[in-house]
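Contents: one structure, followed by commentary.
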Amino acid sequence: MAVTQLPAHDVTDLALAAEGRRRVEWAEREMPVLRLIRERFDRERPLAGIRIAACLHVTTETANLMRTLEAGGASVALAASNPLSTKDDVAAALVAEYGISTFARRGEDRGTYYRHLNAIADTHPSITMDDGCDLVTLLHGERPAQVAEIMAGTEETTTGVIRLRAMAADGALGFPVVAVNEALTKHLFDNRYGTGQSTVDGILRATNILLAGRHVVVAGYGWVGRGIASRFRGMGANVAVTEVDPVPAIEAIMDGLTVLSMAEAARWGELFITATGDLNVIRAEHFAVMRDGAILANAGHFDAEIDLPALRQLAAGRVRSVRENVEEYDLGGRRLHLIVEGRLVNLSAAEGHPAAVMDMSFANQALSAEYVARHHAELGPQVYDVPGEIDREVARLKLEAMGVAIDVLTPEQVAYLSSWKSGT
Ligand SMILES: NC(=O)c1ccc[n+]([C@@H]2O[C@H](COP(=O)([O-])OP(=O)(O)OC[C@H]3O[C@@H](n4cnc5c(N)ncnc54)[C@H](O)[C@@H]3O)[C@@H](O)[C@H]2O)c1
């Protein structure tokens, strides 16, 4: 162990720390932007004296973000943002190799999940860092006296941003939050290419099915749905999309996909993946007409997209585990297969996004933490976009790390593009 005095923690097995460290270092090689930020933070210490409570998926990439925040001078406490996405070796490494207070056990029950959230809230943070808004919700709902102590927060994902906007509209939000998800260098790459690839990965690890020729239904054609559909199509699957918004539905058609209602798709599909951020997108009436052997998975933030209570009721106790991370629900002769209890399939059955995309997402997190530490006094209790300069800086650093040069506008082009006088 690299750390002699262990920080407060609750993890599954500290003996996994050395393996966790190797994997954190492997991810680091793919995270050059975060590394550059860490080196600068180490010199400038922009987060000196600040306590950060982070509720994020406990993965190798998150470990590198935590190291970056600590290099900036912050003291950090981390809890899992999902009971099934924790990598136990990474949690162990955070505590024993990097000395970062971590509360996360893969497979923790709901009570433990909230005990862990309360443990990081007990550190009295001045910045919150959330993925899905559970920490902010806990602070506002159960620990309102603490809200005034918090200078600002950041939020990683679409679902969390939706919740925060609803809180701000109700006048219920007590401090400013930067919506990291809204940065172009986050959702264009992480939600689309990161989730696209890692969802294929999670489904293959869980089932090892052939994708070529398979009927795949993707519910929701937002950033995540687009990425998933394009990756499954690239593997030779027949992809159909369901939507509630006519604009992305047309986009899916023009991208060469089939658009169906879920009532139609339920009969057609062999593999269903939800990516809407919505509730009960696949429900009893759909389970009732699905073919024998259909597989169900979710890539949206919460395990609410597939109506699990209805599925359990239809199976009436005829549920068994058929592979690691796959449960079979017998609906009286027809069997449906649910992957990782309907939780985020890419993080629960695989390792989440590749580090190269999390590099940009977490660069936005680190720079947004620095931004709110500097500017919180000028911000009200609203949801803010990541400043455009940060977004462009992340993209610039990523290109630099890739060794890719782009062109620079000539003075003549600058004048032309800002003039309204020239025409035909
Ligand atoms: N698995 C991951 O690693 C990961 C990564 C990023 C985001 N997410 C989560 O994935 C979800 C989607 O994120 P996004 O960025 O694509 O959001 P988005 O807002 O870009 O897209 C969601 C799409 O779903 C559609 N939709 C809503 N209800 C629907 C329904 N009942 N049926 C069909 N379509 C419906 C919407 O019209 C929209 O086009 C969110 O919960 C987000 O937090 C997960």
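Just follow the structure's listing: the first ligand is 1, and inside any ligand the first atom is 1.
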Original post:
Where on V224 is there a heavy atom closer than 4.0 Å to ligand 1, on the side chain, on the backbone, on both, or on neither?
Top reply: both

Subject >> atom 42 (C) of ligand 1: the protein heavy-atom neighbour that sits closest, reported with distance to 0.1 Å >> reply: T157 OG1, 3.5 Å

Original post:
Are N364 and T185 linked by a side-chain donor-acceptor pair shorter than 3.5 Å?
Top reply: yes

Original post:
Among protein heavy atoms, which lies nearest atom 40 (C) of ligand 1, and at what distance?
Top reply: T159 OG1, 3.3 Å

Original post:
Can you tell me the protein heavy atom closest to atom 2 (C) of ligand 1 and the distance?
Top reply: N346 ND2, 3.5 Å

Original post:
Does ligand 1 have any atom sitting under 4.0 Å from a heavy atom of E243?
Top reply: yes

**OP:** Run down the list V244, V241, N181, N280 and name the one with the heavy atom closest to atom 27 (C) of ligand 1.
**Re:** V244

Original post:
Taking only heavy atoms of G277, which atoms of ligand 1 are found under 4.0 Å from at least one of them?
Top reply: 11 (C), 40 (C), 41 (O)

Subject >> Between D109 and T112: side-chain donor-acceptor atoms closer than 3.5 Å >> reply: yes

Original post:
Looking just at side-chain N and O atoms, do R163 and T137 make a donor-acceptor pair shorter than 3.5 Å?
Top reply: yes

Subject >> Closest protein heavy atom (residue, atom, distance) for atom 17 (O) of ligand 1 >> reply: T158 CG2, 3.4 Å

Subject >> Residue D245 vicinity, atoms of ligand 1 by number, heavy atom under 4.0 Å >> reply: 37 (O)

Original post:
Any side-chain heavy-atom pair from V372 and I127 closer than 4.5 angstrom?
Top reply: yes

**OP:** Mind checking whether L347 contacts ligand 1 via backbone (N, CA, C, O), side chain (CB onward), both or neither, at a 4.0 Å heavy-atom cut-off?
**Re:** side chain

Subject >> Ring centre gap for H353 and F362 strictly below 6.0 Å >> reply: no

Original post:
Of the options R29, R35, K398, which is the one that meets D359 in a salt bridge (charged side-chain N to carboxylate O under 4.0 Å, His left out)?
Top reply: K398

**OP:** Measure from the side-chain N and O atoms of H301 to the backbone N and O of D131, and report whether any donor-acceptor pair falls under 3.5 Å.
**Re:** yes

Original post:
Among protein heavy atoms, which sits nearest to atom 22 (C) of ligand 1, and what does the distance come to when rounded to 0.1 Å?
Top reply: T276 O, 3.6 Å

**OP:** Quick one: pull up CZ in R143 and CG in D122 and give me the separation to the nearest 0.5 Å.
**Re:** 4.5 Å

Original post:
How far apart are the C-alpha atoms of R115 and N118, what are their side-chain angles, what is the distance that settles it, and do they pass the side-chain hydrogen bond (donor to acceptor under 3.5 Å, both in side chains) test?
Top reply: CA-CA 5 Å; R115 192 161 50 73; N118 276 297; over 6 Å; no

Original post:
Which of the atoms of ligand 1 are close to P248, meaning less than 4.0 Å from one of its heavy atoms?
Top reply: 39 (O)

**OP:** Tell me which protein heavy atom sits closest to atom 9 (C) of ligand 1, plus the residue, atom name and distance to 0.1 Å.
**Re:** H301 N, 3.7 Å

Subject >> Check: D190 N/O within less than 3.5 Å of ligand 1 N/O >> reply: no

Original post:
Which bit of T195 gets closer than 4.0 Å to ligand 1, counting heavy atoms only: side chain, backbone, both or neither?
Top reply: side chain

Subject >> M262, portion touching ligand 1 at heavy-atom distance under 4.0 Å >> reply: neither

**OP:** Answer side chain, backbone, both or neither: which part of L344 comes under 4.0 Å from ligand 1, heavy atoms only.
**Re:** side chain

Subject >> Where Y221 and A229 come nearest, the two heavy atoms and their spacing >> reply: CE1-CB, 3.9 Å

Original post:
W223 ring centre to R226 NZ or CZ under 6.0 Å, with the angle to the axis within 45°?
Top reply: yes

Subject >> Nearest-option assignment for atom 12 (C) of ligand 1, heavy atoms, candidates A299, G222, A275, G300 >> reply: A275

**OP:** Could you check which of D278, I162, V161 puts a non-hydrogen atom nearest to atom 31 (N) of ligand 1?
**Re:** D278

Original post:
Under 3.5 Å, side chain of N325 to main-chain N/O of A349, donor-acceptor pair present?
Top reply: no

**OP:** Report, in ascending order of atom number, the atoms of ligand 1 lying under 4.0 Å from any heavy atom of T242.
**Re:** 33 (C), 34 (N)

